[in-house]
Number of protein chains: 2
Amino acid sequence: MEAYAMAGHLIRRLHQQSTQVFGQHAREAGFDVTSVQFAAMDAIRSHPGIDQAGVAALIAYDRATIGGVIDRLIGKGWVARSISARDRRAREVRLTPGGEAVFAALLPLVRALQDEILGPLSPGERAAFLSLARKALAVDPVQDA
Amino acid sequence: MEAYAMAGHLIRRLHQQSTQVFGQHAREAGFDVTSVQFAAMDAIRSHPGIDQAGVAALIAYDRATIGGVIDRLIGKGWVARSISARDRRAREVRLTPGGEAVFAALLPLVRALQDEILGPLSPGERAAFLSLARKALAVDPVQDA
DNA sequence: AGGAATTAATAGCTATACATATCATTTCCG
DNA sequence: CGGAAATGATATGTATAGCTATTAATTCCT
């Protein structure tokens, strides 16, 4: 049957390719950051003071996973965590000034590598792929949650 | 910028969706197997006596990862590993009779869940998506390596 | 008010995923 | 032939990724 010609396998390989492109560009630019960490920083930056569950919901993570991601971001000094005054179970997170600076430096880099993720596709094909991907996830085209 | 509207993020979520659909169906059918393990079994079944590096190359794994995957398949009694007579560094793997039986039982299940991975896409859209995905990976449409 | 249900994190467990280093073996080449 | 390079596995370390259970705190409901 050749499972490696099937949907799940193709998607797994796209994920590999995407992760590798991101990691390579980030490393070359001198940043030790993963695509997951960048996405978390983006969500935090857009919603300062959001709690961890909120971050998880925004970028579709498991809540148990997000804690470790944020731990590492705190370890780098890019994120600060504090106990919410409103709800003492919750941990509010926000970017530190250093985190803001790193994010600002990464942003153009990340924008620039987007096309590379989809490799040999033409601009029209890339748009078609992204549109189909959004539909396959049953997600609004551009959703600012 | 909302990184979670970008290519890498969409692909990651598709990967999540794909993994979850596979896991859910496999579990409901009473099998404790991941999509990665299934892909490895498929490659091994198509190439009995292949070595681990060969399996890794076929399905685009990291060589360091494949050992653990095969360890778990051996633990379930579905794969047998032996030292190659031709090259004593290499470990030849093949499905056991039990592994063959499990694979045969999984195969129709896996075929049936393919469409679900791409959720709300129409048949034509699914075909278009898969075609674009293959092109994005610079892979032959159907390649039996 | 007070117990029940819910929710936010965390901890522990399993499974990818990949980089690097190491070891054993084989192949390549002068 | 014999040392160098290459190759197949394994070991180690880091980073997702998600499940379940647990703890702490809040909210809901009677």
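Note that the structure is a prediction, hence the values are computed from the model and not measured.
- Contact annotation for A:R27: no contact, since no heavy-atom pair falls under 4.0 Å across all strands.
- When heavy atoms are screened at a 4.0 angstrom cut-off, B:A64 is found touching base atoms of the nucleic acid.
- Taking every heavy atom of residues 67-82 of chain A and every atom of DNA chain D, pairs under 4.0 Å involve A:V69, A:R72, by number.
- Between A:R91 atom CZ and D:dA24 atom P the separation is 11 Å, expressed in whole Å.
- Rounded to the nearest 0.5 angstrom, A:I70 CD1 and A:R91 CZ are separated by 11.0 Å.
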Steps toward side chain to side chain contact (heavy atoms under 4.5 Å, CB included) verdict (B:L109, B:F22): CA-CA 9 Å; B:L109 202 77; B:F22 187 100; over 6 Å; no
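- The footprint of chain B on DNA chain C, defined by a heavy-atom cutoff below 4.0 Å, extends from C:dA15 to C:dT26.
- Atom CD of A:Q37 is separated from atom C1' of D:dT14 by 10 Å (rounded to the nearest Å).
- A donor-acceptor contact shorter than 3.5 Å is absent between the side chain of A:R88 and the backbone of A:R86.
- Between the CG atom of B:D62 and the P atom of D:dT16 there is a distance of 17 Å, given to the nearest Å.
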Please tabulate the protein-to-nucleotide N/O contacts below 3.5 Å involving nucleotides 3-7 of chain D, giving atom names and distances.
| from | atom 1 | to | atom 2 | distance (Å) |
| --- | --- | --- | --- | --- |
| D:dT7 | O2 | B:R89 | NH1 | 2.3 |

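- Across all strands shown, B:T34 has heavy atoms under 4.0 Å from sugar-phosphate atoms exclusively, and none from any base.
- Between A:R12 and A:E92, the residue anchored nearer the 5' end of DNA chain C, judged by the nucleotide with its closest heavy atom, is A:E92.
- Atom CD1 in A:I59 sits roughly 13 Å away from atom C1' in D:dA17 (whole-Å rounding).
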